Amino acid sequence: MSHFPNHNDDDLSGPPIPSYKVSSFSDPSMEGPPIHVADEERQTVLTCRQGELIRESYAELEPDLDNHAIIMYLTIFDMVPDAKRLFSMVRDSNEPAPVNIKLNAHATMSFRMMCEAFCKWDDPAEVERSAPFFKALGGRHLNYGIDGNDFPVFRTGFMKALKKAFGERWYGELEGAWCAAFDMLEGVATTGMAEGGGFKRVPAFMLS
């Protein structure tokens, strides 16, 4: 069952910070498709094979999801240390990020939310069903100084967690499937940013 949680303002509290521009960032350890995909090249739905690969691989990730999730956030913080200021549980704590209980819980929730959505995105109806949530979430993050130029950092953190989990199996079809799903997410979220929409609580029918 997919869960699109209600947003807790404590997760992104405090004044907006200036957007960190990272479009020139390059991580030589990450290979594969370009980090920017033109709208006309972005899939609107995953293929059946891509959906199958994501579901099968996510089932492997799930038992140790918290460890995979925190890798994503630690990678983001390594790349852009100022990003820590976006999270009150990090900003207001002396506890190191890797062992910060609240950050780990937030990371797991975010990672699970994306993965569970991706697992269903070979079904056009599921894409349509979840798109308003991610579009509104993108609009909300715009209020905190994050825009479409910051997605390379987010993408690198997410993909590095997956690459570490799957090792040499990551390359090829598996990488392509997850990259296609993330491209779709980026397209929906940046649309919300472009429109400047704020976050809206998720209707109950989306929680089933």
Side-chain angles (χ1 to χ4, degrees), residues 1-7 23 30-62 65 68-69 72 108-142 146-163 165-166 169-208:
M1 179 172 66
S2 279
H3 295 277
F4 296 91
N6 288 336
H7 183 74
S23 56
M30 295 300 294
E31 303 172 8
I35 55 177
H36 284 300
V37 177
D39 288 339
E40 61 271 16
E41 298 175 356
R42 186 178 287 120
Q43 292 176 219
T44 57
V45 65
L46 300 176
T47 67
C48 292
R49 175 60 177 163
Q50 288 170 330
E52 180 183 15
L53 285 167
I54 290 176
R55 285 188 290 273
E56 290 176 353
S57 56
Y58 177 59
E60 296 180 40
L61 296 175
E62 203 166 14
L65 201 65
H68 303 307
M72 176 178 72
T108 300
M109 179 197 70
S110 300
F111 200 85
R112 184 187 303 277
M113 178 179 63
M114 290 188 295
C115 290
E116 290 189 350
F118 294 169
C119 283
K120 295 184 176 183
W121 279 4
D122 56 344
D123 181 346
E126 289 294 338
V127 175
E128 183 177 359
R129 181 172 178 261
S130 59
F133 172 81
F134 290 107
K135 182 178 178 181
L137 191 61
R140 174 59 184 258
H141 279 69
L142 185 68
I146 300 172
D147 64 23
N149 292 316
D150 300 317
F151 260 88
V153 170
F154 183 26
R155 181 191 184 100
T156 299
F158 184 70
M159 297 302 171
K160 184 165 283 189
L162 296 177
K163 180 183 176 183
F166 296 116
R169 295 168 51 208
W170 170 242
Y171 302 102
E173 274 193 310
L174 185 60
E175 179 185 20
W178 283 98
C179 285
F182 192 91
D183 291 340
M184 291 170 59
L185 170 65
E186 180 177 355
V188 173
T190 53
T191 296
M193 290 175 173
E195 295 177 358
F199 187 92
K200 299 177 182 178
R201 292 195 178 276
V202 186
F205 73 85
M206 291 184 65
L207 300 176
S208 60

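Since we're looking at a predicted model, the values are computed, not measured.
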Rounded distance (nearest 0.5 Å) linking atom CE of Met113 with atom CZ of Phe118 = 9.5 Å
Distance, nearest 0.5 Å, that separates CG of Leu53 from CD of Glu173 = 5.5 Å
Can you check side-chain contact (heavy atoms from CB on, under 4.5 Å) on Phe133 and Val188, steps first, answer last?
-> CA-CA 9 Å; Phe133 172 81; Val188 173; over 6 Å; no
Do Trp178 and Cys115 touch side chain to side chain, with heavy atoms closer than 4.5 Å?
-> yes
Answer with yes or no whether the side chains of Gln43 and Gln50 bring together a donor and an acceptor at under 3.5 Å.
-> yes
Heavy-atom pair of closest approach, residues Leu174 and Ser57 | CD1-OG, 3.5 Å
Looking at Phe154 versus Phe182, is the centre-to-centre ring distance below 6.0 Å?
-> yes
Would you call Val153 and Phe158 a side-chain contact if the rule is heavy atoms closer than 4.5 Å?
-> no
Heavy atoms of Glu126 and Lys120 approach each other most closely as CB-O, 3.3 Å
pair Cys179-Arg155: side-chain heavy atoms closer than 4.5 Å = yes
Between Glu60 and Arg169, is a salt bridge (Lys or Arg N to Asp or Glu O under 4.0 Å) present by the stated rule, with each step listed?
-> CA-CA 12 Å; Glu60 296 180 40; Arg169 295 168 51 208; 2.9 Å; yes
In Å, rounded to the nearest 0.5 Å, how long is the span from CZ of Arg42 to OG1 of Thr190?
-> 5.5 Å
Distance, nearest 0.5 Å, that separates CG of Leu46 from CG of Asp123 | 10.5 Å
Stepwise side-chain contact (heavy atoms from CB on, under 4.5 Å) test for Phe134 and Leu185 = CA-CA 7 Å; Phe134 290 107; Leu185 170 65; 3.4 Å; yes
From Met184 atom CE to Ser130 atom OG, the distance as rounded to the nearest 0.5 Å = 8.0 Å
Between atom CZ of Arg112 and atom CG of Leu61, what is the distance when rounded to the nearest 0.5 Å?
-> 11.0 Å
Flag side-chain contact, heavy atom, 4.5 Å: Arg55 against Asp122 = yes
Given the side-chain rings of Tyr171 and Phe166, with only the six-membered ring counted for Trp, is the space between their centroids under 6.0 Å?
-> no
Would you call Met114 and Met109 a side-chain contact if the rule is heavy atoms closer than 4.5 Å?
-> no
Please walk me through it: do Lys163 and Glu175 pass salt bridge (Lys or Arg N to Asp or Glu O under 4.0 Å)?
-> CA-CA 8 Å; Lys163 180 183 176 183; Glu175 179 185 20; over 6 Å; no
Assess whether side-chain contact (heavy atoms from CB on, under 4.5 Å) is satisfied between Glu62 and His68, documenting all intermediate values.
-> CA-CA 9 Å; Glu62 203 166 14; His68 303 307; over 6 Å; no
